[in-house]
Structures are given as C-alpha cells and as structure tokens.
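These notes concern the structure reproduced below.
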Amino acid sequence: MKVIIMRHSKVEYIWEKWYTSDEFDKACKEYDRSFIEHTEQNIPHFNYQNIYISTLSRSRETAVSIFGQTHIRQTELIYEVPLRSAFDSKIRLPLWFWNFAGRIQWFFNIERQIEGRLNTKKRAKSFVNMLCKDRDDAIVITHGFFMHTLLNAFRNKGFRYDKSNIHYKTGSYVVVENNHYK
C-alpha cells in the first residue's frame, strides 16, 4: 500500500507581525477561510483509489487544482490542529509568540486550545486505521502541523518513508509505503 501525504498549496494570506489575543484568534479564522495560490505539482504517478481531503477549503482547492473533482473524499480526521491565543491579552505580542505558546499548550493538552495532542494522535490513528482497512493506495491532502502526527501514526502502523522535515512547505509531500497492506 502506498500513500502520498501532501501539504496543501500556499494560502493567499499575509500575517501581521504583532497581535492582541483577539486579533490573533481572528487572523487564524481568516487564514482558514483564505484561498490558495494555484501551482503545478509534480506528484509521482501511481494507481491511487481516493484523494482524501480535510474539511478546510484549502485542502479541497489544492485537490481540485491538481487532480480535478474525481475520487475526492472529505474527512474531519485530517484537518489542521486548531490554534487559538494562549491567553487573553490587550497587549500586542509577536506572531511567533502566539504560535509557540499555542503549540506548547497543545503539546501539554491545555484546555485553552481547541484540541490537545492526545486527541490529535487519536484522530491520526483513526485515519490510518481506516486507510489500512480499505487497503487502497491513496493521496492525502492535509496540513503542515498535523502532518507530523499523521506521519507518526503511519510509522506506528509499520509504514516507511524516506524524508521527514521539521517544517513541511506548502505543496510538499511524503510517500509512505507498507507492503503488508496490499
């Protein structure tokens, strides 16, 4: 079984450098509603059965721009890990701080974040189990932060892949394979 896990195309959104907590939360929602830049992708050709996308529009737009409307299956199991401000503040703080603090809270399952690490891992495991049950080659178009958890779930199920990055650029992909699920 072979699966291509791809991060969506580049989002047409310009982040500010400083935000209050309310401004940061609003910017995260705007980012989730923004369009993507349509780019050509050089994806390896193989006989995939389905293209799995998340519920966020950038995932669908990427799939349609590369593969057309066919074989698309939407699932909430592979959406991006939601992010919100780590605390309420009227003081503007740097974007990097809000991202870092929110992801630290995610890691430690702090309830201020919409989803914690344990639930993200559970979601990724459920998706991998679903694919393994189907045993079909597939393409998965998902999101940068979530890709790390998803790749770990594939590795835990015996899949192998060559490259792993700390930051997955938009449009980048990883091919995972497991000959046990043919």
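A donor-acceptor pair shorter than 3.5 Å can be found between the side chains of E30 and Y13. No hydrogens or angles considered: nothing links the side chains of S59 and H143 as a donor-acceptor pair under 3.5 Å. Using modelled atom types and a 3.5 Å distance limit, the side chains of R84 and S21 yield no donor-acceptor pair. A donor and an acceptor atom, one from each side chain of Y168 and R7, are nowhere located under 3.5 Å apart. Of the N and O atoms on the side chains of N129 and K157, at least one donor lies less than 3.5 Å from an acceptor on the other residue.
Using a 4.5 Å heavy-atom cutoff, the side chains of L131 and M1 are in contact. Contact of the V176 side chain with the R160 side chain is not registered, since no non-hydrogen atoms from C-beta on lie closer than 4.5 Å. With a 4.5 Å cut-off on side-chain heavy atoms, P94 and Y19 do not count as touching. When side chains are defined from C-beta on, R103 does not count as touching R117, because their heavy atoms never get closer than 4.5 Å. In this structure, the side chains of K2 and Y48 stay at 4.5 Å or more apart for every pair of heavy atoms. A heavy-atom distance below 4.5 Å is not found between the side chains of F107 and Q113.
By the rule that hydrophobic residues join a cluster once side-chain heavy atoms approach within less than 4.5 Å of another member, M147 and I78 end up as members of one cluster. V81 is connected to V174 through a chain of hydrophobic side-chain contacts under 4.5 Å among Ile, Leu, Val, Met, Phe, Trp and Tyr, so both are in one cluster. Linking ILVMFWY side-chain heavy atoms closer than 4.5 Å, directly or via other members, places I114 and L83 in two distinct hydrophobic clusters. If you chain together hydrophobic residues whose side chains sit under 4.5 Å apart, V140 and L151 fall into the same group. Note on F146: it does not cluster hydrophobically with I4, by side-chain heavy-atom contacts below 4.5 Å among ILVMFWY residues.
Rounding to the nearest 0.5 angstrom, the gap separating the OG1 atom in T70 from the CG atom in N50 is 10.0 Å. Distance check, rounded to the nearest 0.5 Å: CG of D32 to CZ of R58 gives 4.5 Å. Atom-to-atom distance recorded for Q74:CD and I72:CD1 is 9.0 Å, nearest 0.5 angstrom. Atom SG of residue C132 and atom CZ of residue F127 lie 10.0 Å apart, to the nearest 0.5 angstrom. The distance from the CD1 atom of I5 to the CD1 atom of I139 is 11.5 Å, given to the nearest 0.5 Å. Rounded to the nearest 0.5 Å, atoms CE (M6) and CD1 (I141) are 5.5 Å apart.
Atom CZ of R112 sits in a crowded spot, with more than 12 heavy atoms from other residues, nucleotides or ligands closer than 6.0 Å. Crowding of I14 atom CD1: a count of heavy atoms from other residues, nucleotides or ligands under 6.0 Å not exceeding 12. Within a 6.0 Å sphere centred on CZ of F35, other residues, nucleotides and ligands contribute 12 heavy atoms or fewer.
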Legend entry - Stepwise salt bridge (charged side-chain N to carboxylate O under 4.0 Å, His left out) test for E16 and R92: CA-CA 11 Å; E16 300 292 330; R92 283 202 162 118; over 6 Å; no
Inset, instruction - List the steps, then state whether side chain to side chain contact (heavy atoms under 4.5 Å, CB included) holds for S89 with T20. - result: CA-CA 6 Å; S89 172; T20 64; 5.8 Å; no
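The two atoms that bring A138 and Y52 nearest to each other are CB-CE1, 3.8 Å, heavy atoms only.
In summary, the aromatic rings of W98 and F87 are positioned with their centroids under 6.0 Å apart.
Of the residues listed (N152, L150, N156), the one engaging F154 in a side chain to side chain contact (heavy atoms under 4.5 Å, CB included) is L150, and it is the only one.
At least one donor-acceptor pair under 3.5 Å links the side chain of D25 to the backbone N or O of S85. At least one donor-acceptor pair closer than 3.5 Å links the side chain of Q105 to the backbone N or O of A86. Not a single donor-acceptor pair under 3.5 Å links the side chain of N47 to the backbone N or O of D137. Between the side chain of H71 and the backbone N or O of Q49 there is at least one donor-acceptor pair closer than 3.5 Å.
Using cut-offs of 30° and 60° on the angle between ring planes, the pair F100 and W96 is tilted.
A salt bridge links E115 with R123: the distance from a Lys NZ or Arg NE/NH1/NH2 to an Asp or Glu carboxylate oxygen falls below 4.0 Å.
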